[in-house]
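Just so it is clear: chains get the letters A, B, ... in the order the sequence lines come, proteins before strands, and each one is counted from 1.
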Protein chains: 2
Amino acid sequence: MNASTSSQILTAPALYEQVAERLRARIFAHELPPGGWIDEQALTQEYGISRTPLREALKVLAAEGLVVLKPRRGCYVTLLSEKDIDEVFPVMAVLEGKVAEEAARRITSAEFSRLAAIHEDLEQQAAANNADRFFEANQRFHKALQEIAGNSYLAHLIDDARKVIKLTRRDSLRLDGRLIQSLTEHREILEALQLKDPALAGQRMHDHLLSGRAALARLAVSP
Amino acid sequence: MNASTSSQILTAPALYEQVAERLRARIFAHELPPGGWIDEQALTQEYGISRTPLREALKVLAAEGLVVLKPRRGCYVTLLSEKDIDEVFPVMAVLEGKVAEEAARRITSAEFSRLAAIHEDLEQQAAANNADRFFEANQRFHKALQEIAGNSYLAHLIDDARKVIKLTRRDSLRLDGRLIQSLTEHREILEALQLKDPALAGQRMHDHLLSGRAALARLAVSP
DNA sequence: ATTCATAATTATGGATGCAGTATCATGCAA
DNA sequence: TTGCATGATACTGCATCCATAATTATGAAT
């Protein structure tokens, strides 16, 4: 499965991978707007490459759900409907819940200290009301938890789901009061981890994600 | 997201999709053995196509986890380790559990009748000790439940996970007594669905999947 | 003026060609 | 005989080219 991790990569990533990465960034930045058509020719000129690696990159992005390939009609940036979001979030909640559950089972005191340190950072960013840095620390927190859970397949699914969610520019953390609420929830999750209570940790993480979805719903559709 | 479903497909699938489908079949049949190298040139000759659509198909399969692309070294059929299987099954259990839970919430009496009919088929195949047809009916059962749950994203993840699991040729249903046990578990799931008890249905489906993993573990590594 | 048919243009999908690198074999030296 | 170096072979990755289908533009007829 993860044969790519077993053979350490010293070689430069293939061109189509680099292109895929750059396209992801542009999609998340909404520089390529959701629903928008992707002009292959323009991109090949811009990047100074041929269409072959670009098309391969688009296949990869399509598999990730970031773009949609319409046969004979081109490639379009995925446009998420409200229904789509309502489908992805519950799944995300279940997956993240599983991560927290498993992490609670396996967490060592050293790992807990590391998590607590990240949480400290969260507290500070929240105090400073810095949504960007809070978001970044939040990512680190969830990433660390994934490592502790030790299930790379599960982590991979979550990463993909998170990519899809990132297609919507809306950011619930910018909602007034959401930072504090998110922080409180994190604190409770951390507590469950300290208690090494898998069921509780899983439940709280699950609810935390759904709480994020609810916050998102409270935002206007386009900022 | 599912813009492909909104525009009904009257057009023939692209060549790379057809190729991907044929390759999947050959991988599942272990005609292309796990760990084995995929000879692009041989396949292009065999299929009478060029390398372009073939390579695009391989990108898709790589995203599904069926093959691994090693830069400058070619493409290899994914070789699952026991650890990989232990990672995928718990995730599968959680996802299928979520499906059952959601289905229990939404199921109508008509839908229940349809499920019950499929279950009847399962009973008969089990009585006839026909593992192949049991397997097929089993697929229909889970597919039907996915439709009732009504979360296409969730369904998609499960489909992908199932593909990965199919990489191992081992089939727990062939294990002596597993057919009966699986049937019993299905019966209990059905009961929970009739009771419209989401938590119970989810729990039982979850355990059902883990039970399948345990059965698999009891099999010899390679038949 | 509007609508439909037809032609021109453009973009997608697939085939082919070529450069660079990894693998394998052969040979030389220790 | 074993280890390493060097050259030959072959395959991957990217670029270019071509055919076909879709879209748009143009013009005619109602």
Participant: Whole-Å distance between D/dC14 P and A/Leu58 CG?
Facilitator: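 These atoms are roughly 14 Å apart.
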
Participant: Using the side-chain hydrogen bond (donor to acceptor under 3.5 Å, both in side chains) rule, collect all pairs that involve residues 13-23 of chain A, keeping only residues at least two apart or in two chains.
Facilitator: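 For residues 13-23 of chain A, and leaving out neighbouring residues, the side-chain hydrogen bond (donor to acceptor under 3.5 Å, both in side chains) pairs sorted by first residue read A/Glu21-A/Arg24.
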
Participant: Using whole Å, report how far CD of B/Glu17 lies from P of C/dT12.
Facilitator: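 B/Glu17 atom CD is separated from C/dT12 atom P by 18 Å.
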
Participant: Look at the rings of B/His186 and B/Phe134 and say which category their plane angle falls in: under 30° parallel, 30 to 60° tilted, over 60° perpendicular.
Facilitator: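 Ring orientation, 0 to 90° scale: perpendicular.
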
Participant: Taking only nitrogen or oxygen atoms into account, show me every contact under 3.5 Å that the protein makes with nucleotides 10-13 of chain D, one pair per line with its distance.
Facilitator:
| residue | atom | partner | partner atom | Å |
| --- | --- | --- | --- | --- |
| D/dT12 | OP1 | B/Trp37 | NE1 | 3.4 |
| D/dT12 | O2 | B/Arg72 | NH1 | 2.8 |
| D/dG13 | OP1 | B/Arg72 | N | 2.9 |
| D/dG13 | OP2 | B/Arg55 | NH1 | 3.0 |
| D/dG13 | N7 | B/Arg51 | NH2 | 2.8 |
| D/dG13 | O6 | B/Arg51 | NH1 | 3.1 |

Participant: Less than 4.0 angstrom from a charged side-chain N to a carboxylate O is my criterion; do B/Glu102 and B/Arg105 meet it?
Facilitator: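 Judged by the 4.0 Å cut-off on N to carboxylate O distance, B/Glu102 and B/Arg105 do form a salt bridge.
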
Participant: Answer yes or no: is there an ion pair linking B/Arg174 with B/Asp132, defined by an N-O contact shorter than 4.0 Å?
Facilitator: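 Looking at B/Arg174 and B/Asp132, the cut-off is met.
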
Participant: In chain order, what residues pass the side-chain contact (heavy atoms from CB on, under 4.5 Å) check against A/Asn151, with sequence neighbours excluded?
Facilitator: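 side-chain contact (heavy atoms from CB on, under 4.5 Å) check on A/Asn151 returns A/Tyr153, A/Leu154, B/Glu87, B/Val91.
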
Participant: At less than 4.0 Å, is any side-chain N or O atom of B/Thr52 found next to OP1 or OP2 of C/dG14? Yes or no.
Facilitator: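 No, outside the criterion.
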
Participant: With the threshold set at 4.0 Å, does a side-chain nitrogen-carboxylate oxygen contact exist between B/Glu185 and B/Arg178?
Facilitator: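 B/Arg178 and B/Glu185: salt-bridged.
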
Participant: Could you list all the salt bridge (Lys or Arg N to Asp or Glu O under 4.0 Å) pairs where at least one residue sits in residues 106-119 of chain B, not counting sequence neighbours?
Facilitator: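 Listed once each, the pairs are B/Arg114-B/Glu147.
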
Participant: Atom CG of A/Leu43 to atom C1' of C/dA11: distance rounded to whole Å?
Facilitator: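 Roughly 14 Å, once rounded to whole Å.
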
Participant: Donor-acceptor pairs under 3.5 angstrom involving side-chain atoms of residues 28-39 of chain A: please list them, not counting sequence neighbours.
Facilitator:
| residue | atom | partner | partner atom | Å |
| --- | --- | --- | --- | --- |
| A/His30 | ND1 | A/Phe28 | O | 3.2 |
| A/His30 | NE2 | A/Leu167 | O | 2.9 |
| A/Glu31 | OE2 | A/Arg26 | NE | 3.1 |
| A/Glu31 | OE2 | A/Arg26 | NH2 | 3.1 |
| A/Asp39 | OD1 | A/Gln41 | N | 3.2 |
| A/Asp39 | OD1 | A/Ala42 | N | 3.1 |

Participant: So which protein N/O to nucleotides 6-8 of chain C N/O distances come out below 3.5 Å?
Facilitator:
none

